Amino acid sequence: MTTPTTSPDRAPPGRATPAWAALGFTFLNSVGTFVVTSGIFFLTRHGFKFSAVENYLLGVVLGATYIAGAMGAGPLIRCLKRALPALSSRGLLAAMMVAMSLLCAVPWLAAWAIPAREGATRPAPWPIWLLVLAYSPITGVLWPMVESYVSGGRRGHELRSTIGRWNVVWSSALIVSSVGVSRLVENHAALAMLSLGIIHIGAATLLRAFGPEPAAHESDEPHSVPESYPKLLVTFRMLLPMSYLVSSALLPFLPNVMERAGVAVGWSTTVAAVWLLARALSFYAFQRWGGWHGRWWPAIAGPASLLTGFGLAVLATHILAGPAAVVMVLTGLAMFGAGMAAVYSGALYYAMEVGQAEVDAGGAHEALIGVGYTAGPVCGLLAWLAVDRGIIGSGGFETTMLATVAAVCGLVVILVARRVHKHTVAARRAA
């Protein structure tokens, strides 16, 4: 009998997964999932001729199925392991990589195997709906599991540093993905999705460095957190779905904004990546500088930047024209990205400090994102219904959508502002 040994590139039982493997797996899967969960609106708009309304409907389906996957991540994994005792979390991740790869091939296979009907003005849309219906809930399960591998076995400064780098990695991957598909948007949308399948298979090879199960979350005892941290966690968890509501209201409509601003189709996703770049740079700043920890101002500055940027981007082509409109859109997108980073960083940081880095905790975090993913397109659909029923004129779609989003977000902002004021006053009195 030989003594089992652990390869140096693998995570020993109970040890944290090597950061290079966890971050590499995150990067590759972020490249893939961005195209299907966010960039898909450019592909459907130009490659499949979806209208703004169809994109909003697609956004609702994407958000609802993502919530189902995220909320069900923990119970589903436990159920599968009871039914298949030999199944590990690493094995489940490998199975998901295969499933996501096959799903990415659906639009291309449909175009190859089923000839377009004579006189058809666009490709059949059903492969897109099938892809989103199956792919989105898988990502809802995937990311809580990845988060548990990233954070498991780490604590204190190492945990905070790794989470900060993780934010920079996945957000940077979205920039690469957005620029990479830009030339495929108009004429090769199905091919763009097919290429993602290869990326998911590449990500699966990194699972060799993962342990069969994520390491247990390390307690920070006797580490204690300031009294304000649980309150800040509640505040940022209120802001998190709001931020994704704004994001998911903007992204399905962004292709239309680019068209009206005169941005060429082949450059649309590259120009739109400005918000991704701003978010990644802001993540890096939040990761490197801890002066915001325990402070209340990010809870005000983050949503203020987010909402201002949203308004500038949506209304740019109604206020200006030509290059000036493009500049206004870019300014809005940059502010939007910075605001997204502030809210997301706060929500994740305080969740890790106060809560547990387990699949169920990650699932709750991702489910909050899913709520925003769903509510944003609903705001867009409400604006469209108002136009369709003649309640408002056809030129009032953008302003109505903006007003609907602002009304929903305004309620959250008021609640947050009251919390910030209350706790700031209490802290001054205590001092």
Side-chain angles (χ1 to χ4, degrees), residues 34 37-39 41-42 52 55-56 59 63 167-168 170-175 177-179 236 239-261 263 268-286 297-320 324-348 368-369 372-373 375-377 379-380 383 398-399 401-410 412-413 416:
F34 167 77
T37 59
S38 296
F41 300 114
F42 283 93
N55 265 348
Y56 276 123
N167 282 338
V168 173
W170 69 255
S171 59
S172 299
L174 306 191
I175 302 171
S177 183
S178 182
V179 174
F236 277 97
L239 291 172
L240 185 64
M242 186 207 79
S243 69
Y244 276 87
L245 180 155
V246 178
S247 171
S248 58
L250 174 63
L251 295 183
F253 192 67
L254 200 52
N256 299 68
V257 172
M258 293 297 174
E259 285 182 24
R260 294 181 182 183
V263 177
S268 58
T269 60
T270 300
V271 173
V274 165
W275 84 269
L276 300 172
L277 177 61
R279 182 171 65 174
L281 292 174
S282 299
F283 274 144
Y284 180 75
F286 283 121
W297 64 261
I300 295 296
S305 178
L306 178 81
L307 293 172
T308 302
F310 172 77
L312 290 175
V314 170
L315 297 177
T317 56
H318 288 267
I319 300 173
L320 300 171
V326 175
V327 171
M328 185 172 174
V329 170
L330 293 177
T331 302
L333 290 177
M335 295 182 66
F336 170 75
M340 286 287 289
V343 172
Y344 189 95
S345 294
L348 193 55
L368 288 173
I369 292 173
Y373 269 145
C379 290
E398 288 88 346
T399 52
M401 181 182 67
L402 180 61
T404 305
V405 171
V408 176
C409 294
V412 178
V413 169
V416 168

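Just the heavy atoms: all of them, side chains too, but no hydrogens, waters or symmetry mates, feed the values below. Note that the coordinates shown come from a computational prediction; the quantities given were computed from them, not determined experimentally.
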Subject >> Non-hydrogen atoms of Gly302 and Ala342 that approach each other most closely >> reply: CA-CB, 3.8 Å

Original post:
Taking Ser345 for the side chain and Ala341 for the main chain, is one N or O donor matched with an acceptor at less than 3.5 Å?
Top reply: yes

Original post:
Taking all atoms of both residues into account, what is the closest heavy-atom pair of Val168 and Ala280, and its distance?
Top reply: CG2-O, 4.5 Å

Original post:
With side chains defined as the heavy atoms from C-beta onward, is the minimum distance between Ser171 and Leu276 less than 4.5 Å?
Top reply: no

Subject >> Residues in side chain to side chain contact (heavy atoms under 4.5 Å, CB included) contact with Ser177, at least two apart in sequence or another chain >> reply: Val31, Phe34, Val35

**OP:** Please report the shortest heavy-atom distance between Ala261 and Thr317, naming the atom on each side.
**Re:** N-CG2, 3.7 Å

Subject >> Distance (rounded to the nearest 0.5 Å) between Cys379 SG and Leu245 CG >> reply: 4.5 Å

**OP:** May I ask you to decide if Phe41's main-chain N or O and Asn55's side chain share a donor-acceptor pair within less than 3.5 Å?
**Re:** yes

Please tabulate, for side-chain N and O atoms in residues 304-312, each donor-acceptor pair with protein atoms closer than 3.5 Å (sequence neighbours left out).
{"unit_1": "Ser305", "atom_1": "OG", "unit_2": "Met335", "atom_2": "O", "d": "2.6"}
{"unit_1": "Thr308", "atom_1": "OG1", "unit_2": "Ala304", "atom_2": "O", "d": "2.8"}

**OP:** Measure the spacing between CG of Leu315 and CE of Met328 and express it to the nearest 0.5 Å.
**Re:** 6.5 Å

**OP:** Looking only at non-hydrogen atoms, find the nearest pair between Pro303 and Pro298 and report the distance.
**Re:** CD-O, 3.8 Å

Original post:
ring-ring contact (aromatic ring centres under 6.0 Å, His included) with Phe336: which residues, sequence neighbours excluded?
Top reply: Trp275

Subject >> Steps toward side chain to side chain contact (heavy atoms under 4.5 Å, CB included) verdict (Ile175, Arg279) >> reply: CA-CA 10 Å; Ile175 302 171; Arg279 182 171 65 174; over 6 Å; no

Subject >> With Val329 via side chain to side chain contact (heavy atoms under 4.5 Å, CB included) - residues at least two apart >> reply: Val257, Met258, Ala316, Leu333

Original post:
About how many Å separate OG of Ser172 and CG of Asn167, when rounded to the nearest 0.5 Å?
Top reply: 10.0 Å

Original post:
For Ala299, what residues pass the side chain to side chain contact (heavy atoms under 4.5 Å, CB included) criterion, not counting sequence neighbours?
Top reply: Thr235, Phe236, Leu239, Val416, Val420

